There are 2 protein chains.
Amino acid sequence: MARKRRGAGRVTLAEVAASAGVSTMTVSRFFNSPDKVSPAQRERIAQVVAETGYVPNQAAGGLASAHNRIVGMVVPNISGPIFAPTIQAFSDTLGEHGYQVLLASSYFSAEQEERAVRAFLGWAPAALVVTSHFHTEATERMLEQAALPVLETWDYRPERQPIQIGFSHYEVGVLAAEAVHARGYARPAFVLNSATGDLSALERCQGFTEILAQKGVDVLVHTPAPDLAPFEAGEQAMQQLHAGATPVDLIFFANDNLAAGGLLAAQHAGIRVPEQCAVLGFGDYPFARMLMPRLTTIRPPASAIGENAARWILAVADGQVPEAPLERLTCEVIVRDSL
Amino acid sequence: MARKRRGAGRVTLAEVAASAGVSTMTVSRFFNSPDKVSPAQRERIAQVVAETGYVPNQAAGGLASAHNRIVGMVVPNISGPIFAPTIQAFSDTLGEHGYQVLLASSYFSAEQEERAVRAFLGWAPAALVVTSHFHTEATERMLEQAALPVLETWDYRPERQPIQIGFSHYEVGVLAAEAVHARGYARPAFVLNSATGDLSALERCQGFTEILAQKGVDVLVHTPAPDLAPFEAGEQAMQQLHAGATPVDLIFFANDNLAAGGLLAAQHAGIRVPEQCAVLGFGDYPFARMLMPRLTTIRPPASAIGENAARWILAVADGQVPEAPLERLTCEVIVRDSL
DNA sequence: TTGTAGGCGTTATCAT
DNA sequence: ATGATAACGCCTACAA
């Protein structure tokens with residue numbers, strides 16, 4: 001094992017202190033409350049720090065002070081276009097304040113999330129951010145025991161305890177239902193996400209179908225083959241929903257990836273969008289406006305979620321008690337050409 | 001009041017040891033080398049751990065052992081479609097082995113990168129991953145001094161010292177030049193990235209223009225207004241390159257976002273793609289195949305870079321000396337309809 | 001197989 | 001304003 005022996009190489013606080021002819025505490029103060037160090041010492045220390053390239057060891061500092069400038073974030077995935085802006089805003093905002101972000105993906109699996117949470121807990125983070133409210137029991141227990149701020153993002157359910165920063169997926173369904181009903185569509189369909197475990201999509205579906213049912217409109221719910229790539233799932237859905245004798249006249253896809261597949265399949269099948277079949281997406285992914293026809297979709301507050309979560313954590317770390325423990329954000333229908 | 005100020009609340013190794021009636025070392029071994037603990041003790045400890053929900057403190061462990069299971073990664077951005085697959089693969093591969101990833105964005109700024117590297121160094125990571133070979137002097141010095149494995153990704157220059165996992169951007173330009181020349185285009189153009197600081201795009205441009213110059217073909221290089229959104233930059237580029245008397249017959253865009261803008265502008269302006277003006281992108285972003293016409297582009301090994309970087313780090317942590325310190329990967333031209 | 005002693009690099013606390 | 005000392009939670013080294 002090429003394992004380093006202890007303390008190999010790195011400059012330490014003690015060494016800086018010795019070089020500067022002061023105690024370790026003075027150097028420590030130089031970093032954490034410079035105003036409590038006399039200007040003369042300050043200059044002397046600054047010089048030694050510059051010469052040696054000393055960087056304080058955060059792990060040691062955190063151990064001693066029980067205050068780690070690190071937070072964990074679990075998202076369903078990093079590489080999709082949905083959560084990326086949240087991660088970006090979260091990481092940037094916290095980074096500006098000297099905090100570091102630990103990242104992990106759950107792939108919509110509560111078990112993977114549990115593993116990630118357990119791993120994060122080992123770092124004694126200042127806070128933990130998770131996505132949605134679907135956790136394993138073990139996760140719930142760990143989070144409770146850990147006694148650290150937990151933020152649930154991309155969701156909003158007033159009845160839940162943890163801090164929430166997001167929106168109601170059910171309300172998104174309602175929003176869509178109203179837009180659809182106002183335009184007089186008679187045979188709408190909802191296409192679920194091919195990624196199994198996306199329970200939030202189910203909530204959108206529920207809101208959509210329930211409200212339309214109240215208005216006397218039945219929604220055809222289509223479930224793609226499990227774990228089909230979303231684009232292909234969208235294509236197949238469009239084909240299948242137009243194979244029968246009474247084709248649908250609108251499809252609300254669980255996300256824009258599916259919708260893009262649907263749009264392309266329509267083009268190939270000669271189905272005119274939106275005349276013959278309108279298409280509504282969810283996510284407002286960057287490519288939505290580049291498709292033909294341009295995709296009408298619902299835009300979630302992705303960046304705002306990340307930034308607000310970060311600000312909440314910073315406020316708490318700063319000793320403040322943010323006035324709004326539940327933060328409800330809203331989605332917006334972006335009307336383009338497909339609906 | 002004997003209120004604890006320091007280790008508020010968390011269960012510690014010592015407490016677990018006391019409850020199980022063993023020494024702290026036995027509990028430590030229970031986690032790090034279970035086979036060295038007798039089955040009887042193992043069971044006893046496992047029970048206490050389960051009851052208390054104890055999770056080892058990684059920071060303390062790292063401090064004591066000088067072996068942190070944490071690595072830092074700096075990418076230009078998280079939310080774009082380019083680096084996301086690299087981050088995803090990197091994080092997933094390391095996560096499977098109990099490592100955590102610290103993430104930060106540089107936005108193509110060497111100064112931001114420097115800040116991120118300095119912050120990471122404070123955590124004494126097992127390794128550091130950066131993007132490309134453009135760093136400030138201070139960064140280079142820090143990395144040298146820190147004496148930890150540094151991986152440069154998304155780039156490959158045989159003459160450089162650090163571990164590299166990526167490809168030559170100049171070669172990408174060569175690849176494109178050959179594809180373009182073989183098809184007989186006479187008035188090609190290159191559109192640079194609107195994001196200032198994307199020096200790798202310049203290298204692609206260089207390879208493209210130099211090789212075509214050798215074949216007697218001049219390349220018109222177009223520089224978008226700085227920091228214009230890429231999609232709009234692409235639109236403007238397409239318009240401007242067709243405004244003159246002698247329009248170009250092919251545009252190689254610095255990335256697929258720009259190319260998508262170009263494609264749409266062409267459609268609006270009635271420019272037929274590829275007959276009147278062919279379009280070549282870079283990145284093979286997920287939406288490339290959803291555009292009309294489907295975008296011909298160059299696919300970089302984004303996921304492979306992340307996974308290989310992770311595997312390299314794991315191998316080194318395991319005491320192995322990977323045989324290939326420089327790992328050259330290749331890009332591929334994905335021929336669709338726009339070229 | 002198990003335990004003891006000491007230290008990893010930093011900060012809280014209490015003196016001066 | 002500065003310093004001495006004792007933690008923080010864990011692991012290496014060595015001993016039994």
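Computed from a predicted model, the values in this text were never measured in an experiment. What's counted below: heavy atoms across the whole structure, side chains too, no hydrogens, waters or symmetry copies.
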Can you tell me if A:Q88 uses its side chain to pair, donor with acceptor, with the backbone of B:I78 under 3.5 Å?
-> yes

Euclidean distance, atom NZ of residue A:K36 to atom C1' of D:dA1 [Å, nearest integer] | 11 Å

Within the structure shown, what part of the strands sits under 4.0 Å from B:F31 by heavy-atom distance: base, sugar-phosphate, or nothing?
-> nothing

Where each residue is assigned the nucleotide of DNA chain D containing its nearest heavy atom, which of B:R29 and B:N57 is assigned the position nearer the 5′ end?
-> B:N57

OP1, OP2 of C:dT4 versus side-chain N and O of B:S23: anything below 4.0 Å?
-> no

Would you mind classifying the nucleic acid contact of A:Q58 as base, sugar-phosphate or nothing, using non-hydrogen atoms under 4.0 angstrom?
-> nothing

Could you tell me whether B:Q47 atom CD has more than 12 heavy atoms of other residues or ligands within 6.0 Å of it?
-> no

Under 4.0 Å between a side-chain N or O of B:S28 and OP1 or OP2 of D:dC11?
-> yes

Which part of the nucleic acid, if any, lies within contact of A:F30, taking any heavy atom under 4.0 Å across all strands shown: a base, the sugar-phosphate backbone alone, or nothing?
-> nothing

Please give, in whole Å, the distance from C:dG3 P to B:L13 CG?
-> 13 Å

Does B:R42 CZ have over 12 foreign heavy atoms under 6.0 Å away?
-> yes

Examine distances only and state if a side-chain atom of B:S109 and a backbone atom of B:E111 form a donor-acceptor pair shorter than 3.5 Å.
-> yes

